[in-house]
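Heads up, the thing below is written out as structure tokens.
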Amino acid sequence: MEMLKVHGSNNDFFILDQDNLEQPLTEAELRKLAQKVCDRKNGLHGGADGILFVTKGHNASVAGKMRVINADGSEASMCGNGIRTVARYLSEKKGIENFKVETMYADLAIKKVTAFAPNVPAFDAEISPVSFDAKDLLMHVGQDKLINDFIPTLSDKIKFSAVAVPNPHLIAFVDHTTLIGNELGRIASYLNDGKNSIFPDGVNVSFVEVLASNKIFVRTYERGVGYTNACGTAMSASSLMYVLLHTDQTGLEQEIQVVNPGGMVKTKVHQYNNGNYWMSLIGNATFVAHVELVQEQALEGIFTSAVWKATKEQAAYQGFVNSIVK
Ligand SMILES: N[C@H](CCC[C@H](N)C(=O)O)C(=O)O
């Protein structure tokens, strides 16, 4: 079985193309495979934040379908950093540069854009649909929407906004001390404990610091994973809330630089005539290595026979990160 180790802003994944399977995987096996290969201690070559499972799309209007399986085996409706890597994979597999990728709730527009640096390919991905409704967030806070408001049981200092893009995000604008402190971990681990009444299905939680006009820093604790170097849907959701809550310094259609622990991406916030929002997420799609492994062994967490063929792209990406003014 062949897989591809990839990342977007150092949010890393294994791409598994259904065409490369030795035999089909049941749903339970797909979840088990994610837990085994992604394990940071005993997984495949240091593990990953999830598996991006590529299958045929619903018809010829899409280049393929992406399913997102978190490291804990849970499935998410979307992955912003991941879809850029799946886009590059499909672009190179099919020789296309402008196309759509099917996701759980939408076929999303993709385009190849100018590389961020030599050997740092980049793609622009549509992030959509967007909803502020509690029912779409599976959120229970006693009100239908949460925009820059308190959740008293979580904190009496930090205000939150909740938005589904379409996976669920809780976003707070904070000062630098709070950004780097342990409040994010405390709040996010509670909301993802599987027992709390606020987000029974969990939620991705991000703290955002405004660095300058149209430049923000986003730190995220992801549902189903924990802290990650970056979260593409979180950076998109944070950009949307930045535009909606900081009208004095930004606005629709303006390019926003989003810095994160894993690097940097660019976003733009758009609004349809019907009032709905969508975002563009523009960032790297790095292929770290090609991996050959035995499917049956991988399902048992045995990787001794795995063959890891690294590309030269990680060094190029690191050089790009070092060039970013944080
Ligand atoms: N952990 C997320 C899925 C992965 C999203 C993230 N890696 C991204 O780049 O958007 C969730 O359960 O909703």
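Just so you know, these numbers come straight off a predicted model, no measurement behind them. Atoms within each ligand, like the ligands themselves, are counted from 1 in listed order.
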**Message:** How close do Lys5 and Val291 get, counting heavy atoms only, and between which atoms?
**Reply:** N-CG2, 4.4 Å
**Request:** Name the closest protein heavy atom to atom 9 (O) of ligand 1, giving the residue it belongs to and the distance to 0.1 Å.
**Result:** Gly232 N, 2.7 Å
**Request:** Have a look at ligand 1 and work out which part of Tyr221, if any, has a heavy atom under 4.0 Å from it: side chain, backbone, both or neither.
**Result:** neither
**Fill in**
For atom 7 (N) of ligand 1, the closest protein heavy atom turns out to be Asn11 OD1, 2.9 Å
**Prompt:** Considering only heavy atoms, does Ala76 approach ligand 1 within less than 4.0 Å through its side chain, its backbone, both, or neither?
**Reply:** side chain
**salt bridge (Lys or Arg N to Asp or Glu O under 4.0 Å) between Lys112 and Glu92, worked out** = CA-CA 11 Å; Lys112 184 173 182 177; Glu92 294 179 1; 5.6 Å; no
**Asked** Taking only heavy atoms of Asn70, which atoms of ligand 1 are found under 4.0 Å from at least one of them?
**Response** 1 (N), 2 (C), 3 (C), 4 (C), 11 (C), 12 (O)
**Item:** Contacting atoms of ligand 1, where contact means under 4.0 angstrom from a heavy atom of Met78
**Value:** 3 (C), 4 (C), 5 (C)
**Asked** Using heavy atoms and a threshold below 4.0 Å, how should the contact between Thr228 and ligand 1 be classified: side chain, backbone, both, or neither?
**Response** neither
**Asked** Within less than 4.0 angstrom of ligand 1, does Cys79 place any heavy atom?
**Response** yes
**Distance-only side-chain donor-acceptor flag, Asp49 / Thr228, under 3.5 Å** = no
**Message:** Starting from atom 10 (O) of ligand 1, what is the nearest protein heavy atom, named by residue and atom, and what distance separates them?
**Reply:** Thr233 OG1, 2.6 Å
**Asked** Under 3.5 Å, is there a donor-acceptor pair between the Asn214 and Gln254 side chains?
**Response** yes
**Prompt:** What residues, two or more places apart in sequence or in another chain, satisfy side-chain contact (heavy atoms from CB on, under 4.5 Å) together with Thr114?
**Reply:** none
**Request:** Can you see which heavy atom on Gly224 is nearest to which on Asn70, and at what distance?
**Result:** O-CB, 3.4 Å
**Request:** Select one of side chain, backbone, both or neither to describe which atoms of Asp49 lie under 4.0 Å from any atom of ligand 1, heavy atoms only.
**Result:** neither
**Request:** Please confirm whether Val225 comes within less than 3.5 Å of ligand 1 when only nitrogen or oxygen atoms on both sides are compared.
**Result:** no
**Request:** Would you tell me whether His169 and Ser206 have side-chain atoms, one donor and one acceptor, within less than 3.5 Å of each other?
**Result:** no
**Message:** Looking at Lys111, I want to see if its NZ is surrounded by more than 12 non-hydrogen atoms of other residues, nucleotides or ligands under 6.0 Å.
**Reply:** no
**Asked** Charged N to carboxylate O under 4.0 angstrom, Asp133 versus Lys135?
**Response** yes
**Item:** Per-atom contacts of ligand 1 with Phe13, taking only distances under 4.0 Å to non-hydrogen atoms
**Value:** 7 (N)
**Protein contact of atom 4 (C) of ligand 1 - nearest heavy atom, named by residue and atom, plus distance** = Glu222 OE1, 3.3 Å
**Message:** Among all the protein's non-hydrogen atoms, which is closest to atom 2 (C) of ligand 1, and how far away is it?
**Reply:** Asn204 OD1, 3.3 Å
